[in-house]
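This chain uses plain numbering: 1 for the first residue, then up along the sequence.
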Amino acid sequence: MPTRNEEGSVRPLLSSLADSLNGIPAEVLFVDDSGDSTPEVIRLAARECGLAVRLLHRPAGNRLGGLGGAVVAGLKHARGSWAVVMDGDLQHPPELAAWLVQIGQSRQLDLVAGTRYTGSGGSDGLADGYRRAVSSLATRFTKAVFPRRLSRLSDPMSGFFAVRLAALDLDRLDPIGFKILLELMIRQPRLQVAEVPFVFGTRVAGQSKASLREGMRFVRHLVRLRLLVLRNQVRRSSTTDGAGRFARLLAFGAVGATGIGVNTAALWLFSEHVVNPHYLIAAVLATEVSTSWNFLLTEKFVFRGTKPGTRLGRGVRFFLLNHLALLPRLPLLALLVGVFSANLLVANVITLALLFLVRFVIADSAIYAKPDEQVVEKQPMRITVDLTGVQRPVEPGGDSQPRHQQPRHQQPRPVSATSRYLPYRYSIDGVLRVGSQVPLKELEYFRAQWLGNEVDLSIRIGEVGRGPRTRALMTQHVAPAGVSYSEHFGRLGANFRVEIGDKIEVTCSPTLARSPHVLYTNVIEALLRFIAVSRGVILLHSACLELDGQGLLLSARTDTGKTGSVLKLLREHGAKFLSDDMTILHPDGHATCFPKPLTISHHTLRAVQAGDLTAAEWRRLKLQSRLHSKEGRNFGLVLAGLNIPIMGINSLTQRIVPPPKYNVDRLVECNVIRNTHIENLFVIERGEPVLEDIRFEEAIDTLVANTDDAYGFPPFRQMAPSIVIGDDDYAELRRKEREILVQAMKNIRVRRLGSNTFSWAEDIATLLGASPIAAQQPHTVADVPAAEQRPVAEPPVGPAVLPAPA
């Protein structure tokens, strides 16, 4: 706590902290720049409060950086793992100090800031309307100066926050004046951040330090930080990677210039000499011609060398990019031509040039990014935490009502009888019951209409979100636990709210409800995963089969070839089916089926010669398998980092082009069985032929990583830390999930199986001694040279080693 002439506030401050900490191990460190008796008052109050109190007094002439410098000095002397920064005048509520740290620890964050501008926060304690207006204006101006770095904070001017000290590089900080949080966010933009609403209280004693001089120091600080960011950007652009990107930009610009010529010529032909349609339709037709031209030249001259994916896949994304660009282009073209009477061809060139940089950034970062660059680790949304029900201090002379009331959007609303009815009900292996107003095809196998409305997880359609916003907002609620997500278009967005108590209630917006697959995959299955843990089982991302009486699991990263291997084992080797994507695994090693529809591709079905799809379904499958492939998923992850309503776009895309999902018995004739005892697990990978046992700990890590990979699409990473089931927070649920997995795997043999010929099904059948029911026998593990079957460094954990193939 930085203090300057706060002698009247010290005793009540320490008393409130002692009550709120309530035995939590902590120290209170005052960094004092006072010229009055504040140091003496701190020493006397420290003996009475029962807390560990330290005092760092900075004499006159050694008070560099003002309040910000005092905070940095305190952070350097702090001895804890977390530090809470707050003022010493009781305008920051002391009882929230421990909450900030607990939220940061449970959600694996680096910084948790108090905010006056979100949820139930407020700036009531500012002296008058003039000061509130100045504060609000300064905040808006600062966010406008740093739109990206401050996008996750609604109140970057707050002086009340908790920070994990190990996440800070204190030597990089050089603050001036009051705004230390602004300094942290600009100089260390990679901090993982959340916000907690609070009401800025009334000063108990002393006088405000705000003045014209402090205002000038703030402006000076803002200019210094802006220049720092610009210098860093210039420095990065001068690196080798930056130079390479600049060269690609020039080449892309040259190709784009020729494309503008082609587009203009095509527009001239279409609008005046060929079909003579409306000029906007002619612009769309010209885009088709110039996009084809640009794609061919871009492939040949801009992004040379090895490229990610296939040419067809890149072409689909390239055309999608250029057609998405029509959304802003056509209204702008209509404005220039229809309102300002600009020449059509000139206006067309202007609209193409304005979107040049956007198209290059997306092409460079998404379509042609190398595989290790495709998944962008960004958090494009702001996270807030609402401490509903937490008491705030009572102002002198006020009544005894808590000032921290439940925010308006959290107040319970009356629900009509019809909206409470859950027409779709599911009982998942007796582990949990789900009731929903949205049909969930992934749970159709567990349909149980005999259930009443008393379910463990309910899904209803309702209004979620408020008005339009500039960025998606994730709000984490602590008491009661829950989370809400709202996108750019307010109530029209793909929004949802999760309330976690004795039962879990999910409310989704009508937009999200119209895309049940997105609702299930991005929201519901993540909740099922951790509810299952609370019931003593786990949802493991793996396929599960029974082959010649032996239960086996197949685990792999997304789009490796697991589904094709499952279909081959069913069709050619008579395996019995339990699941393709998620398996319910019990601690004793037996597995229960979770037969969701299979997501298949055109090549998967061709390879296994399976399915009775119609000609129309085969034609649709070509587009579906491209759009819903791993490349399409990575493209979506890149888009998620561009501040666009990714859930809404994903919902709309999947309504227009549904994912290629089919029940297993539509694809091959097979038996679906309820449960089996697992004896073998194969981790299949693409690459050189390999067969090796995997060490126990490595196997556990691999299975957890492959399961996490299935939940990588937004907004799971922002939602997951708020999941609390009973007394277990996210970290504890993860620990219990791993513990159950360890118990289940004790008697299961785990092997890594690599192949560059997609022969996993034949290899597994050979290893387990299964008799083929198909005449054709492709390559097996027996063909793997002995030199490439790597030895095991430690004896495998599990049953006796099966004999190696001849």
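Taken to the nearest 0.5 Å, the NZ atom of K568 stands 13.0 Å off from the OG1 atom of T563. Here the CZ atom belonging to F696 is positioned 9.0 Å from the CD1 atom belonging to I748, to the nearest 0.5 angstrom. Here CG of L554 is found 7.5 Å from CG of L681. Values are rounded to the nearest 0.5 Å. Atoms OG1 and CZ, from T507 and R497 in turn, are 4.5 Å apart once rounded to the nearest 0.5 Å. Here the CD1-CD1 distance, from I684 to I764, works out to 6.5 Å after rounding to the nearest 0.5 Å. Atom-to-atom distance recorded for D548:CG and L768:CG is 8.0 Å, nearest 0.5 angstrom.
In this structure a side-chain-to-backbone donor-acceptor pair under 3.5 Å is present from K562 to D580. Panel note: side chain E732, backbone D729; no donor-acceptor pair is recorded below 3.5 Å. With hydrogens and angles disregarded, a donor-acceptor distance shorter than 3.5 Å links the side chain of T614 to the backbone of E617. With S436 contributing its side chain and P439 its backbone, the two residues share no donor-acceptor pair below 3.5 Å. Checked by atom type and distance alone, the side chain of W760 never pairs as donor or acceptor with a backbone atom of V566 at under 3.5 Å. Checking side-chain atoms of S427 against main-chain N and O of A448 turns up no donor-acceptor pair under 3.5 Å. Formation of a donor-acceptor pair under 3.5 Å by the T583 side chain with backbone atoms of L585 is not found in this model. In terms of modelled atom types and a separation under 3.5 Å, the side chain of S651 and the main chain of S515 share no donor-acceptor contact.
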(message) Apply side-chain contact (heavy atoms from CB on, under 4.5 Å) to residues C544 and L553 and explain how you reach the verdict.
(response) CA-CA 5 Å; C544 184; L553 296 172; 3.7 Å; yes
(message) Evaluate D456 against V434 for side-chain contact (heavy atoms from CB on, under 4.5 Å), listing each step before the verdict.
(response) CA-CA 6 Å; D456 304 302; V434 178; over 6 Å; no
(request) Please lay out, stage by stage, how S458 and R460 fare under the test side chain to side chain donor-acceptor pair (under 3.5 Å). (result) CA-CA 7 Å; S458 63; R460 292 186 169 87; 3.3 Å; yes
(request) Test side-chain contact (heavy atoms from CB on, under 4.5 Å) on L598 and N663 and set out the steps. (result) CA-CA 6 Å; L598 279 65; N663 290 332; over 6 Å; no
(request) Start with the C-alpha distance between L667 and Y662, add both sets of side-chain angles, then the distance that settles side-chain contact (heavy atoms from CB on, under 4.5 Å), and finish with yes or no. (result) CA-CA 7 Å; L667 304 175; Y662 296 90; 3.9 Å; yes
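The pair E454-R425 does not count as a salt bridge, with every side-chain nitrogen at least 4.0 angstrom from each carboxylate oxygen. Ionic pairing of D701 and R738 is present here: one or more N-O contacts between side-chain nitrogen and carboxylate oxygen are shorter than 4.0 angstrom. A salt bridge does not link E505 with K503: every distance from a Lys NZ or Arg NE/NH1/NH2 to an Asp or Glu carboxylate oxygen is 4.0 Å or more. Ion pairing between D708 and R734 holds under the 4.0 Å rule for side-chain N and carboxylate O. No salt bridge links D728 with R735; every basic N to acidic carboxylate O contact stays at or beyond 4.0 Å. With respect to K441 and E444, no salt bridge is recorded, no charged nitrogen being found less than 4.0 Å from a carboxylate O. Between R571 and E669 there is no salt bridge, since none of the side-chain N atoms of the basic residue sits less than 4.0 Å from a carboxylate O of the acidic one. Salt bridge annotation for D693-R752: absent, with no cationic side-chain nitrogen under 4.0 angstrom from a carboxylate oxygen.
By the 6.0 Å contact criterion, CD on Q449 is enclosed, its count of non-hydrogen atoms from other residues, nucleotides or ligands being greater than 12. Within a 6.0 Å radius of NZ in K576, no more than 12 heavy atoms belonging to other residues, nucleotides or ligands are found. Crowding of F489 atom CZ: a count of heavy atoms from other residues, nucleotides or ligands under 6.0 Å not exceeding 12.
Counting only heavy atoms from C-beta outward, the side chains of L528 and I428 approach each other to under 4.5 Å. Contact annotation: the side chain of L733 approaches that of I723 to within less than 4.5 Å [non-hydrogen atoms, C-beta and beyond]. By the 4.5 Å heavy-atom criterion applied to side chains, L519 and I524 are counted as neighbours. For the pair L327/L324, a side-chain contact is recorded, criterion being any heavy-atom separation below 4.5 Å from C-beta on. L753 places none of its side-chain heavy atoms less than 4.5 Å from the side chain of V683. At a threshold of 4.5 Å between non-hydrogen side-chain atoms, the residues N495 and C508 do not count as touching. Looking at N522 and N650, their side chains come closer than 4.5 Å, going by heavy atoms from C-beta outward. Side-chain contact check for L527 versus V506: some heavy-atom pair is nearer than 4.5 Å.
A donor-acceptor pair shorter than 3.5 Å cannot be found between the side chains of H586 and D588. Side-chain contact check for N680 and R751: at least one donor-acceptor pair (N or O, by modelled atom type) lies under 3.5 Å. A donor and an acceptor atom, one from each side chain of N675 and T592, are nowhere located under 3.5 Å apart. Looking only at atom types and distance, the side chain of H677 has no donor-acceptor partner in the side chain of Q550 under 3.5 Å away. A donor-acceptor pair shorter than 3.5 Å can be found between the side chains of E525 and Y520.
Between Y730 and F530, the two ring planes are perpendicular [angle over 60°; tilted spans 30° to 60°].
Looking at every heavy atom in both residues, E487 comes nearest to A494 through OE1-N, 3.5 Å. Summarising the geometry of S579 relative to S542, their closest heavy-atom pair is OG-O, 3.7 Å, with the distance given to 0.1 Å.
Partner of F594 under the ring-ring contact (aromatic ring centres under 6.0 Å, His included) criterion, out of F446, Y426, Y445: F446 alone.
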